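Notes to accompany the following structure.
Read the numbers this way: they start at 1 and go in the same order the structure lists the ligands and their atoms. Along the sequence shown, the residues carry numbers beginning at 1. For clarity, every value in this text was computed on a predicted model and none was experimentally measured.
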Amino acid sequence: MELKKNQEILLTIEDFTREGEGLGKYQGFPLFVKDTVIGDKAKVSITKLKKNYGYARLVEILEPSPDRVTPPCPVARQCGGCKIQQLSYEKQKQFKWNQVANCLKRIGGFEEIEAKMEPVYGMEHPWHYRNKAQYPVGLDKSGNIVAGFYAGRTHTIVPNTDCLIQAEVNKDILEIILEYLRNNHIRPYDEKSHTGLVRHVLTRVGFVTGEIMVCLVLNGKKEQLKNSAALVKQLTVIPGMTSIVINTNKEKTNRILGASCETLWGRDYIEDYIGDVRYQIGPLSFFQVNPRQTKVLYSKALEYADLKGEEIVWDLYCGIGTISLFLAQKARQVYGVEIIKEAIDDARRNAALNQMDNVTFYVGKAEEIVPAQYQHTGIHPDVIVVDPPRKGCDEALLHTMTAMEPSRIVYVSCDPGTLARDCRILCEEGYEIEKVAVVDQFGHSCHVETVVLLSQLKPDDKI
Ligand code: SAH
């Protein structure tokens, strides 16, 4: 078999990768094809060949898979945001559930795990679910000012003011800002020459409160935004507008936000709720981006923690304390640990805002704080909750956790692979998986969130 770059071939898609690419075999040779789904028969064009596999581009669907839908977003293919809009939402949920099951089996060695897995918790309406958006601003080929999202793996802006997974009000906000920039001849930032003023537009929307924040990221200071009163006048017509902020980022960097913010109009922050807990959210705050599904996720964590009111609970990798405060509603005492100091500042402020005095936060590495505290106090917590980044928990921390012998460990994870690896370690040290819940927080992307309940084996369960 001789395949060449740009050669067009017919391919049947047989599998789907974790990144949401279709996989088909041409005379046994595996080819990855973006924008396809299992069951598609398609004409594809070879883009890249490696020794044992290659990549191809979808040219034409010849026979669509029964699972295929027409992506409602007209720029779904170009945009680097959504990866699997072409797959029906029912199948997306199944794909995520299967992915968790496969990882727990293959990496974790949990053979019969399906029996412990709840049906996937998907979104009722998988559109307009994000409360935070960051739109790059730039010029198109004809020199018009545009805002949108980057195409996959590049910094080419795909113009789009009407993203289907963002809050609907963003369209009005962006149209106002683009018109203002045109009318006032304000140049967008150009990465190559490091000139121009406006880099990004960040929006945040409180889904419960309706409060809106608009943050313009400038390669300069607030004063450089000429005639800004006109912009404020237009934006404040939008119902719910609460905060208009300028963020300054003069660095040559891929990071969107700089360190300093100045408020142009209104408050410095917006407020929102997850369940009954109230949070203040500034331009730089980390806050879960799908608040409705976050409530589902945290409620599951709380259910698995099974608190009666007398428990001592650790919440490790706690961020701004969202889970800690959720748990504190039902526990005697919660301890949160997080490595980023600013996040803990937010966590403490939010605890005070909610009049919760049974939460204590520590800044530092979980794998250092927890062993030190355990050694110092000797206290056995009833429940430990962890919600680590994608790389999972530090192994030393897992050993400390099992040495502390909580009755339950609730593992919240954004990466099924490291989740499976860590659960295996916990289960080698006296715990067993009782329940698994998969929650879809990011429809049309390949991200998947999982909550696992592990409980301590009773002495006579142990071998
Ligand atoms: N539980 C939070 C955030 C989880 S994201 C929420 O639901 O909102 C994971 C968090 O772990 C991040 O905030 C990250 O800063 C933090 N982190 C990363 N490494 C860490 C470590 N070694 N010790 C403690 N926190 C860490």
Mark up the atoms of ligand 1 that fall under 4.0 Å of a heavy atom belonging to [X], in ascending order.
X: G364; result: 23 (N), 24 (C)
X: Y298; result: 6 (C), 7 (O), 8 (O)
X: Q288; result: 6 (C), 7 (O), 8 (O)
X: P389; result: 9 (C), 11 (O), 18 (C)

If you have a sec, work out which protein heavy atom is nearest [atom] and how many Å separate them, to one decimal?
atom: atom 23 (N) of ligand 1; result: A366 N, 2.9 Å
atom: atom 5 (S) of ligand 1; result: D387 O, 3.9 Å
atom: atom 10 (C) of ligand 1; result: E338 OE1, 3.5 Å
atom: atom 8 (O) of ligand 1; result: T322 OG1, 2.7 Å
atom: atom 2 (C) of ligand 1; result: C318 O, 3.4 Å
atom: atom 26 (C) of ligand 1; result: Y317 CD2, 3.3 Å
atom: atom 25 (N) of ligand 1; result: I339 N, 3.3 Å
atom: atom 22 (N) of ligand 1; result: E367 OE1, 3.1 Å

Exercise for the section: Could you tell me whether the side chain of W97 and the main chain of E118 form a donor-acceptor pair under 3.5 Å? Expected result: yes

Practice task
Could you tell me whether the side chain of Q92 and the main chain of H444 form a donor-acceptor pair under 3.5 Å?
Solution key: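 Checking the backbone N and O of H444 against the side chain of Q92, a donor-acceptor pair under 3.5 Å is found.
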
Practice task
Establish, yes or no, whether a centroid distance under 6.0 Å links the rings of H200 and Y189.
Solution key: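 No.
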
Practice task
Assess the pair Y279 and Y273: is the distance between their ring centroids shorter than 6.0 Å?
Solution key: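 Between Y273 and Y279, which both carry aromatic rings, the centre distance is not below 6.0 Å.
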
Practice task
With D440 as reference, evaluate K91, K96, K93 under the salt bridge (Lys or Arg N to Asp or Glu O under 4.0 Å) test and give the passing residue.
Solution key: K96

Exercise for the section: Check the side chains of E432 and S455 for a donor-acceptor pair under 3.5 angstrom, ignoring hydrogens and angles. Expected result: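 Their side chains do not contain a donor-acceptor pair, so the 3.5 Å distance test is not met.
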
Exercise for the section: Determine the minimum heavy-atom distance between C446 and K83, stating which atoms define it. Expected result: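 Reported closest heavy-atom pair: SG-CB, 4.2 Å.
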
Problem - ligand 1 N/O within reach of I340 N/O, cut-off under 3.5 Å - result: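 No - when backbone and side-chain N and O of I340 are compared with those of ligand 1, no distance drops under 3.5 Å.
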
Handout entry: Sub-3.5 Å N/O-N/O distance, K365 and ligand 1
Key = no

Practice task
Before accepting this row, confirm whether a basic side-chain N of the pair R267/E211 lies closer than 4.0 Å to the acidic partner's carboxylate O.
Solution key: yes

Practice task
Indicate, as side chain, backbone, both or neither, the part of F286 found under 4.0 angstrom from ligand 1 when only non-hydrogen atoms are considered.
Solution key: side chain

